[in-house]
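Below is one structure, written out as structure tokens, with a few remarks after it.
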Amino acid sequence: MKKYFIQKSPFVVPTTDGKLIEEHHGLTTNNSEISIAHMIAPPKWSEPFQTPEFDEYTYIIKGKKQFIIDDEKIILEAGQSIKIEKNTRVQYSNPFDEPCEYIAICKPAFSIETVNREE
């Protein structure tokens, strides 16, 4: 049995908001401990507030991304990263004119049942 797994064809999560989500590791690879996804958020993209039951790490590759954590607005740029602790109310967005490319890591793995998005 191999002691490694090379992901050559990540799962592309279907979206309706123009965001690209490629999950390399996570529930789609039967890994509930961690998820690792490559994402590109288009200009003017945003999603509802959420209070995830997992820690989320974000590393910005290109562009900028806005976070509203509780009532604080934070903007990260390329080369910066952030850890947001589980059970923290957060909204992710890209209100800027360029796409934002980033890596997101969730521990335990992201699931739609534990992200707790607001309607």
Side-chain angles (χ1 to χ4, degrees):
M1 185 171 131
K2 287 186 182 179
K3 296 188 178 188
Y4 63 88
F5 167 68
I6 298 172
Q7 178 59 277
K8 295 180 182 176
S9 54
F11 177 74
V12 177
V13 178
T15 63
T16 58
D17 59 4
K19 184 177 174 189
L20 172 67
I21 305 172
E22 298 173 319
E23 186 174 86
H24 282 258
H25 300 278
L27 295 179
T28 58
T29 56
N30 297 316
N31 185 342
S32 61
E33 294 177 27
I34 194 169
S35 60
I36 301 173
H38 170 249
M39 306 203 196
I40 300 176
K44 309 302 181 197
W45 166 87
S46 71
E47 63 185 17
F49 275 91
Q50 56 195 35
T51 308
E53 297 171 33
F54 45 79
D55 292 337
E56 186 160 358
Y57 301 79
T58 302
Y59 172 75
I60 308 300
I61 298 168
K62 291 181 189 169
K64 295 187 282 189
K65 186 175 180 191
Q66 178 175 287
F67 304 75
I68 298 176
I69 302 169
D70 295 323
D71 292 321
E72 186 178 356
K73 186 184 292 185
I74 297 165
I75 296 171
L76 289 190
E77 298 181 4
Q80 296 180 323
S81 64
I82 190 170
K83 175 191 178 189
I84 301 173
E85 297 191 6
K86 65 183 173 184
N87 303 315
T88 300
R89 186 171 185 259
V90 60
Q91 183 199 37
Y92 300 105
S93 67
N94 176 13
F96 309 106
D97 293 328
E98 301 173 19
C100 178
E101 181 177 5
Y102 60 100
I103 300 291
I105 299 169
C106 301
K107 189 167 175 40
F110 175 94
S111 95
I112 200 69
E113 291 78 31
T114 60
V115 71
N116 299 316
R117 283 204 179 106
E118 297 176 14
E119 294 298 320

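Nothing here was measured: the structure is a model prediction, and the numbers come from that model.
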*asked:* Does Arg117 form a side-chain contact (heavy atoms from CB on, under 4.5 Å) with Ile112? I'd like the steps, not just the answer.
replied: CA-CA 8 Å; Arg117 283 204 179 106; Ile112 200 69; 3.6 Å; yes
*Step by step, would you call Tyr59 with Ile105 a side-chain contact (heavy atoms from CB on, under 4.5 Å)?*
CA-CA 9 Å; Tyr59 172 75; Ile105 299 169; over 6 Å; no
_side-chain contact (heavy atoms from CB on, under 4.5 Å) between Ile34 and Cys106, intermediate numbers included_ = CA-CA 6 Å; Ile34 194 169; Cys106 301; over 6 Å; no
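Side-chain heavy atoms closer than 4.5 Å link hydrophobic residues (I, L, V, M, F, W, Y) into clusters, and following such links, possibly through other members, connects Ile61 to Ile36. Residues Ile40 and Val12 fall within the same hydrophobic cluster, defined by Ile, Leu, Val, Met, Phe, Trp and Tyr side chains chained together at heavy-atom separations under 4.5 Å. Under the 4.5 Å side-chain heavy-atom criterion for grouping Ile, Leu, Val, Met, Phe, Trp and Tyr, Ile60 is connected to Ile69 within one hydrophobic cluster. With hydrophobic clusters built from ILVMFWY side chains whose heavy atoms lie under 4.5 angstrom apart, Met39 shares a cluster with Val90.
In terms of heavy atoms, Ala109 sits closest to Thr114 at O-OG1, 4.5 Å. Between Glu56 and Ala104, the shortest heavy-atom contact is OE2-CB, 3.8 Å. Contact record, Asp55 with Glu85: OD1-CA, 3.4 Å, taken as the closest heavy-atom pair. Looking at every heavy atom in both residues, Glu98 comes nearest to Pro43 through C-CG, 3.7 Å. Ala78 approaches Lys62 most closely through the heavy-atom pair CB-CA, 4.1 Å.
Side-chain N or O atoms of Glu47 include none that pairs as donor or acceptor with a backbone N or O of Phe49 at under 3.5 Å. Using modelled atom types, no side-chain atom of Gln66 and backbone atom of Pro95 make a donor-acceptor pair closer than 3.5 Å. With hydrogens and angles disregarded, no donor-acceptor distance shorter than 3.5 Å links the side chain of Asp70 to the backbone of Glu72.
Contacts of Tyr102 classified as ring pair (Phe, Tyr, Trp, His ring centres under 6.0 Å), with partners at least two apart in sequence or in another chain: none. Judged as a side-chain hydrogen bond (donor to acceptor under 3.5 Å, both in side chains), and not counting sequence neighbours, the contacts of Glu118 are Arg89. Applying the side chain to side chain contact (heavy atoms under 4.5 Å, CB included) criterion to Asn87, with sequence neighbours excluded, gives Glu53.
Partner of Lys65 under the side-chain contact (heavy atoms from CB on, under 4.5 Å) criterion, chosen from Thr58, Asn94, Ile82: Thr58.
Side-chain contacts under 4.5 Å among hydrophobic residues (ILVMFWY), followed directly or transitively, place Phe96 together with Ile75.
With a 4.5 Å cut-off on side-chain heavy atoms, Pro52 and Asn116 do not count as touching. Between Leu27 and Ser35 the shortest side-chain heavy-atom distance does not fall below 4.5 Å. In this structure the side chain of Ile21 never reaches within 4.5 angstrom of the side chain of Phe11, judged on heavy atoms.
Between Cys100 atom SG and Leu76 atom CG the span is 8.5 Å, to the nearest 0.5 Å.
The stretch residues 63-95 participates, sequence neighbours left out, in these ring-ring contact (aromatic ring centres under 6.0 Å, His included) pairs: Phe67-Tyr92. The ring-ring contact (aromatic ring centres under 6.0 Å, His included) pairs that include a residue from residues 24-46 are Phe5-His25, where partners are two or more places apart or lie in different chains.
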